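Working notes for the structure below.
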Amino acid sequence: MAVRPGLWPALLGIVLTAWLHGSGAQQSATVANPVPGTNPDLLPHFLVEPEDVYIVKNKPVLLVCKAMPATQIFFKCNGEWVRQVDHVIERSTDDSSGLPAMEVRINVSRQQVEKVFGLEEYWCQCVAWSSSGTTKSQKAYIRIAYLRKNFEQEPLAREVSLEQGIVLPCRPPEGIPPAEVEWLRNEDLVDPSLDPNVYITREHSLVVRQARLADTANYTCVAKNIVARRRSASAAVIVYVNGGWSTWTEWSVCSASCGRGWQKRSRSCTNPAPLNGGAFCEGQNVQKTACATLCPVDGSWSPWSKWSACGLDCTHWRSRECSDPAPRNGGEECRGTDLDTRNCTSDLCVHTASGPEDVALYVGLIAVAVCLLLLLPVLILVYCRKKEGLDSDVADSSILTSGFQPVSIKPSKADNPHLLTIQPDLSTTTTTCQGSLCPRQDGPSPKFQLANGHLLSPLGGGRHTLHHSSPTSEAEDFVSRLSTQNYFRSLPRGTSNMTYGTFNFLGGRLMIPNTGISLLIPPDAIPRGKIYEIYLTLHKPEDVRLPLAGCQTLLSPIVSCGPPGVLLTRPVILVMDHCGEPCPESWSLRLKKQSCEGSWEDVLHLGEEAPSHLYYCQLEAGACYVFTEQLGRFALVGEALSVTATKRLKLLLFAPVACTSLEYNIRVYCLHDTHDALKEVVQLEKQLGGQLIQEPRVLHFKDSYHNLRLSIHDVPSSLWKSKLLVSYQEIPFYHIWNGTQQYLHCTFTLERVSPSTSDLACKVWVWQVEGDGQSFSINFNITKDTRFAELLALESEGGVPALVGPSAFKIPFLIRQKIITSLDPPCSRGADWRTLAQKLHLDSHLSFFASKPSPTAMILNLWEARHFPNGNLSQLAAAVAGLGQPDAGLFTVSEAEC
């Protein structure tokens with residue numbers, strides 16, 4: 001049926017009126033309204049219908065409709081027609097059927113939806129017309145998306161025993177669309193498909209079927225939808241292990257070797273050992289019981305029997321037995337013979353002469369005795385000559401091959417009676433001495449001042465050359481030699497974190513520059529006649545597996561000194577930094593040593609050491625001084641006893657020296673407050689081309705399970721733009737507390753608005769949640785400002801890494817010996833080593849010093865370790881002089897004593 005063009009508006013109005021009357025019963029399904037008498041196949045059908053959408057923040061949403069055949073399409077939202085000007089219309093013709101098609105799009109804003117928000121849901125529907133009638137699309141609902149900040153229920157901390165079930169509830173914040181929930185374990189995603197021991201319920205609770213030690217962690221519930229991502233407070237889950245008894249040992253041997261005694265057996269709470277606060281075993285670990293041992297009975301002779309009749313050989317005999325009593329229960333046998341023979345005819349028997357065999361025997365014995373008498377002087381002479389040659393070799397090897405530096409000690413001025421302030425002259429590397437090493441003066445004075453730094457015993461009139469070999473020139477040879485030994489297999493093959501030297505009884509010192517690590521080898525620590533090659537090595541924590549239990553944390557670098565197993569007659573002193581704040585109420589500190597099998601053992605519990613122990617430790621604010629008579633691999637480990645236990649973190653800010661792009665990175669490092677960690681970061685930044693842009697700060701990091709947060713503020717928006725998408729960055733607590741990573745860092749990326757921008761002013765905050773914090777105010781020119789570059793210039797620590805002989809000590813050798821001789825014996829006036837320890841503030845270690853053969857030597861060794869190379873000898877001299885000892889007797893050396 002043909003319709004004139006002028007009738008189309010009237011027809012359209014009739015159709016619209018009919019649709020309006022029937023629209024109230026339609027919800028979302030597509031509905032067709034054919035015109036009577038027309039072909040229903042030509043009714044519009046929708047190729048694209050509007051779908052439900054969410055408005056995120058203030059971004060409008062787009063609704064699309066497409067129908068064929070269609071001459072008109074209009075949108076109607078919440079019962080009102082959308083204005084024609086708000087429609088974007090595209091007309092086309094289907095190639096196969098030739099029917100007209102139309103696509104219409106509209107935008108719906110947040111303001112439109114908010115007008116009806118709370119009354120009813122906002123919906124839109126499109127209507128398509130053709131010559132055969134109208135068709136309505138499904139309804140599309142438009143909702144404003146949101147996610148509230150607060151969780152309706154957050155997970156709580158739990159302490160559970162091993163293999164117990166764990167349920168951590170989580171009800172996410174209200175939101176549209178509803179939030180999806182995922183769980184994090186120590187910031188790692190929990191995936192139930194990879195771990196069958198965990199699953200997430202429909203109510204979003206995390207369930208652990210059987211708790212394992214590996215499940216000890218911080219758990220965080222994360223809710224997210226298309227609008228935002230929310231994190232709950234972390235819940236600390238601790239899986240503890242209650243202790244269990246091991247099996248009983250065998251009964252010990254009875255305490256009494258004879259009669260009634262005791263025997264015992266023991267067991268230990270190690271099956272398993274209590275862990276993470278688990279209960280200790282109940283009951284006794286030792287059982288005792290009475291025992292009785294049969295006493296041994298020694299044998300005794302019975303009376304002699306009567307003499308036998310006199311025989312043809314003019315003798316008779318008698319006998320006895322070991323039966324009165326016989327030995328039993330381990331008693332001793334009778335001593336003596338059981339048969340006695342005598343002459344029974346009072347020498348009246350006639351004896352025949354000895355035969356020729358007896359004469360030959362006697363002659364042979366006499367000849368052997370004469371030969372032995374002649375050979376004995378020869379053997380004595382040969383032994384004496386060999387001993388002389390051996391003594392000469394030992395003297396030469398201890399001097400010529402010891403590798404120590406010759407030292408020339410300059411005489412002090414005439415008005416200075418104290419030789420303790422004499423400084424060694426290290427300018428000479430080879431010295432030739434003729435005759436005695438003790439110089440003489442022509443003056444009549446019986447006293448003289450030292451002029452030679454070696455202070456060796458006289459070696460006669462021989463000629464000796466003293467050499468010093470450079471460690472650098474021999475590094476490759478030393479590493480190749482030690483690499484074949486078992487104790488050197490795990491040492492690094494480079495030399496930047498390693499030093500070594502050859503030492504004898506004169507001692508010496510090893511240092512790893514710019515790390516705070518050194519090894520002091522006191523005089524006579526190495527036995528006389530022995531020469532050792534000793535090394536000192538700094539290990540990276542990631543290269544050495546140091547197991548840490550519970551709340552333990554690594555406080556010091558891991559240091560090796562060796563070779564292990566060498567004989568030492570005096571303790572050496574290992575010096576290394578630590579980052580703990582020493583407080584007995586907050587820390588339980590232990591010195592760990594790696595055994596030959598590779599396991600780590602607690603060799604010292606600080607504060608509970610016995611004076612006669614093989615190890616001792618002097619702990620100070622930033623360093624520890626370990627006395628040890630056994631070389632090996634050591635580390636200082638701390639276990640927090642309360643939340644007040646803190647570690648010192650050093651905060652460093654670095655940025656590029658040259659900036660060639662619009663982006664500019666600020667790197668914030670959080671590292672242990674030790675020299676070795678600082679050295680590693682400085683070397684890394686030198687490779688990256690970075691410079692220090694602020695003075696370093698120290699932050700006290702508590703054992704409170706709270707993370708470390710970093711943020712940047714007050715960036716001028718007209719010059720710079722921060723590319724950080726969140727308000728702060730975060731470093732998890734355990735990444736810092738376990739100590740196995742010496743440094744961690746975060747990067748803040750800024751972008752310049754213009755390449756000409758060079759001035760930067762902002763603030764960087766670093767803080768621990770509910771703990772200490774630091775704020776850095778940055779204000780500098782990124783192209784010219786280098787005022788902080790000199791703060792981290794690495795300085796040399798006392799010259800070469802290896803010093804041997806007297807040059808390694810501040811106190812001259814003979815003066816040291818006189819101080820030891822004067823102060824070791826007890827003095828009724830108190831002028832002995834105890835008073836010296838009090839003056840040097842070392843009186844808390846009196847019991848340890850007293851347990852050694854020379855307490856004064858221990859005090860002077862510790863003074864050397866603490867004050868090298870910048871120690872003030874004048875203060876030590878004043879402390880010694882204040883003891884009441886005569887100055888001349890301590891600080892001058894006579895010619896006879898040389």
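The structure displayed is predicted, hence computed values, not measured ones.
- In this structure, the disulfide (SG to SG under 2.5 Å) partners of Cys254, at least two apart in sequence or on a different chain, are Cys291.
- Each of Lys852, Arg816, Arg570 was checked for a side-chain hydrogen bond (donor to acceptor under 3.5 Å, both in side chains) with Asn861, and the lone residue meeting it is Arg816.
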* Should Glu601 and Arg590 be marked as a salt bridge (charged side-chain N to carboxylate O under 4.0 Å, His left out) after you check the CA-CA gap, both sets of side-chain angles, and the distance that decides it? -> CA-CA 10 Å; Glu601 302 172 347; Arg590 300 176 186 272; over 6 Å; no
* Run the numbers on Leu574 and Phe634 for side chain to side chain contact (heavy atoms under 4.5 Å, CB included), then give the verdict. => CA-CA 9 Å; Leu574 176 63; Phe634 296 93; 3.8 Å; yes
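- One finds the CD1 atom of Ile521 at 4.0 Å from the CZ atom of Phe503 (value rounded to the nearest 0.5 Å).
- Sorted by first and then second residue, the salt bridge (Lys or Arg N to Asp or Glu O under 4.0 Å) pairs involving residues 854-881 (not counting sequence neighbours) are Arg509-Glu864, Glu620-Arg866.
- Counting heavy atoms from C-beta on, the side chains of His845 and Met858 never come closer than 4.5 Å.
- You'll find the side chain of Leu554 reaches within 4.5 Å of the side chain of Ile558, heavy atoms only.
- Residues Arg834 and Phe849 form no side-chain contact, since every pair of their non-hydrogen atoms from C-beta on lies 4.5 Å or further apart.
- Only one option out of His605, Gln552, Glu639 pairs with Ser588 in a side-chain hydrogen bond (donor to acceptor under 3.5 Å, both in side chains); it is His605.
- In this structure a side-chain-to-backbone donor-acceptor pair under 3.5 Å is present from Ser854 to Ala857.
- Side chain of Ser822 to backbone of Lys818: a donor-acceptor contact under 3.5 angstrom is found.
- Proximity of Ser595 to Trp600: side-chain heavy atoms (C-beta onward) are nowhere separated by under 4.5 Å.
- Note: Trp587 CH2 to Glu581 CD = 9.5 Å, rounded to the nearest 0.5 Å.
- Looking at heavy atoms from C-beta onward, Cys579 lies in side-chain contact with Leu555 at the 4.5 angstrom threshold.
- One finds a salt bridge joining Lys592 and Asp602 here, because a Lys/Arg side-chain nitrogen approaches an Asp/Glu carboxylate oxygen to under 4.0 Å.
- Although no hydrogens or angles enter the test, the distance criterion places no donor-acceptor pair under 3.5 Å between the side chain of Ser556 and the main chain of His578.
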* Asked: Could you go step by step and tell me if Trp833 and Ile859 meet the side chain to side chain contact (heavy atoms under 4.5 Å, CB included) rule?
  -> CA-CA 8 Å; Trp833 63 270; Ile859 296 174; 4.0 Å; yes
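- When side chains are defined from C-beta on, Pro557 counts as touching Leu538, because their heavy atoms get closer than 4.5 Å.
- Between Ile512 and Ser518, the closest side-chain pair of non-hydrogen atoms is not below 4.5 Å.
- For the residue pair Leu671 and Leu678, the shortest heavy atom distance occurs at CD1-N, 3.6 Å.
- In terms of heavy atoms, Pro825 sits closest to Ile820 at CD-O, 4.4 Å.
- Here Tyr616 and Phe848 bring their ring centres to under 6.0 angstrom of each other.
- For the pair Ile526 and Val566, the minimum side-chain heavy-atom distance is 4.5 Å or more.
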